[in-house]
Amino acid sequence: MKKIILIICLFTVSMSCKEEAPNPDRFKVGTFEIPEGKGYKKTIIIRKDSLQIEKYEDRTDTLSITWKNNFNYTLKMLHPKSAIDEDPIHVKITNVKKDSYEFEAVIGHSNFVQKGEIIKK
């Protein structure tokens, strides 16, 4: 009987200490920030439904966001101001943390990969 109680206690303790894997689904809606650095100005991002609004410096951009899965999405400017703004931005989430994720972004079909981090506020 003592062995059964010990096994139950050990099982309970091990299950209570187990952390859940971070779920990137929580990054689909809300307010986020890209900190300044690594080629970025501080950017505030607001995601709602299929829209993403980005505010940085004195500029505000509105983009459509299409999620392919929890780790890949595409951004497309709704009101492009230049030829490069017309190309879609393909984003891949590469690492998920508690309140942030790291990403790699490619504009159009270029070979240039921009890396960064988005923090949920």
Side-chain angles (χ1 to χ4, degrees):
M1 184 67 172
K2 287 184 178 182
K3 286 184 180 182
I4 293 174
I5 292 174
L6 179 62
I7 290 172
I8 292 172
C9 287
L10 288 174
F11 179 75
T12 304
V13 168
S14 69
M15 291 306 288
S16 65
C17 294
K18 184 179 178 183
E19 282 188 39
E20 285 187 38
N23 181 0
D25 194 44
R26 71 182 181 278
F27 296 114
K28 291 183 178 180
V29 176
T31 302
F32 307 88
E33 178 182 310
I34 298 176
E36 186 169 354
K38 296 183 182 178
Y40 291 99
K41 296 288 183 186
K42 179 180 174 182
T43 304
I44 301 298
I45 297 170
I46 301 166
R47 288 189 184 144
K48 185 193 288 190
D49 300 318
S50 62
L51 288 179
Q52 175 166 307
I53 299 167
E54 297 183 1
K55 299 178 181 183
Y56 55 97
E57 292 180 337
D58 60 347
R59 186 172 171 171
T60 300
D61 291 326
T62 305
L63 304 96
S64 66
I65 183 168
T66 304
W67 289 85
K68 295 178 183 174
N69 56 45
N70 282 343
F71 295 94
N72 294 282
Y73 58 92
T74 302
L75 297 168
K76 183 100 171 121
M77 286 272 197
L78 293 183
H79 308 288
K81 295 173 180 76
S82 67
I84 197 163
D85 287 347
E86 293 179 7
D87 289 337
I89 303 167
H90 305 283
V91 182
K92 177 181 176 183
I93 296 174
T94 57
N95 187 24
V96 177
K97 299 176 185 173
K98 182 179 177 186
D99 295 321
S100 66
Y101 66 86
E102 295 171 1
F103 67 89
E104 294 179 350
V106 176
I107 297 175
H109 298 289
S110 74
N111 292 325
F112 178 73
V113 176
Q114 179 72 38
K115 297 181 179 184
E117 180 178 23
I118 291 182
I119 303 165
K120 186 158 188 172
K121 295 294 178 180

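Just so we're clear, the structure is a prediction, and the values are computed from it rather than from any experiment.
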Subject >> Atom CG of D49: over 12 foreign heavy atoms under 6.0 Å >> reply: no
**OP:** Can you establish whether the number of heavy atoms outside I84 located under 6.0 Å from its atom CD1 is more than 12?
**Re:** no
Subject >> All pairs passing side chain to side chain donor-acceptor pair (under 3.5 Å) where residues 110-119 contributes a residue, at least two apart >> reply: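 Qualifying pairs, neighbours excluded: S100-E117.
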Non-hydrogen side-chain atoms of [X] and [Y] separated by less than 4.5 Å:
X: K81; Y: R59; result: yes
X: N70; Y: I93; result: no
X: I45; Y: Q52; result: yes
X: V113; Y: K92; result: no

Would you kindly confirm whether [X] and [Y] end up in one hydrophobic cluster when ILVMFWY residues are joined by side chain heavy atoms under 4.5 Å apart?
X: F71; Y: Y101; result: yes
X: Y56; Y: I65; result: no
X: Y40; Y: M77; result: yes
X: I53; Y: Y73; result: no

Which pair of heavy atoms, one from [X] and one from [Y], lies closest together, and at what distance?
X: F103; Y: V91; value: CB-CG1, 3.9 Å
X: L63; Y: L75; value: CD2-CB, 3.9 Å
X: K55; Y: T60; value: CG-OG1, 3.8 Å
X: K120; Y: V29; value: NZ-O, 3.2 Å
X: F27; Y: W67; value: O-CZ2, 3.9 Å
X: R47; Y: K28; value: CB-O, 3.5 Å

Rounded at 0.5 Å granularity, tell me how far [atom1] in [X] sits from [atom2] in [Y].
X: K121; Y: D99; atom1: NZ; atom2: CG; result: 9.5 Å
X: K42; Y: E57; atom1: NZ; atom2: CD; result: 12.5 Å
X: T62; Y: I46; atom1: OG1; atom2: CD1; result: 9.5 Å
X: T74; Y: D87; atom1: OG1; atom2: CG; result: 12.0 Å

**OP:** Output all residues satisfying side chain to side chain contact (heavy atoms under 4.5 Å, CB included) with N95, sequence neighbours left out; order by chain, then residue number.
**Re:** K97, E102
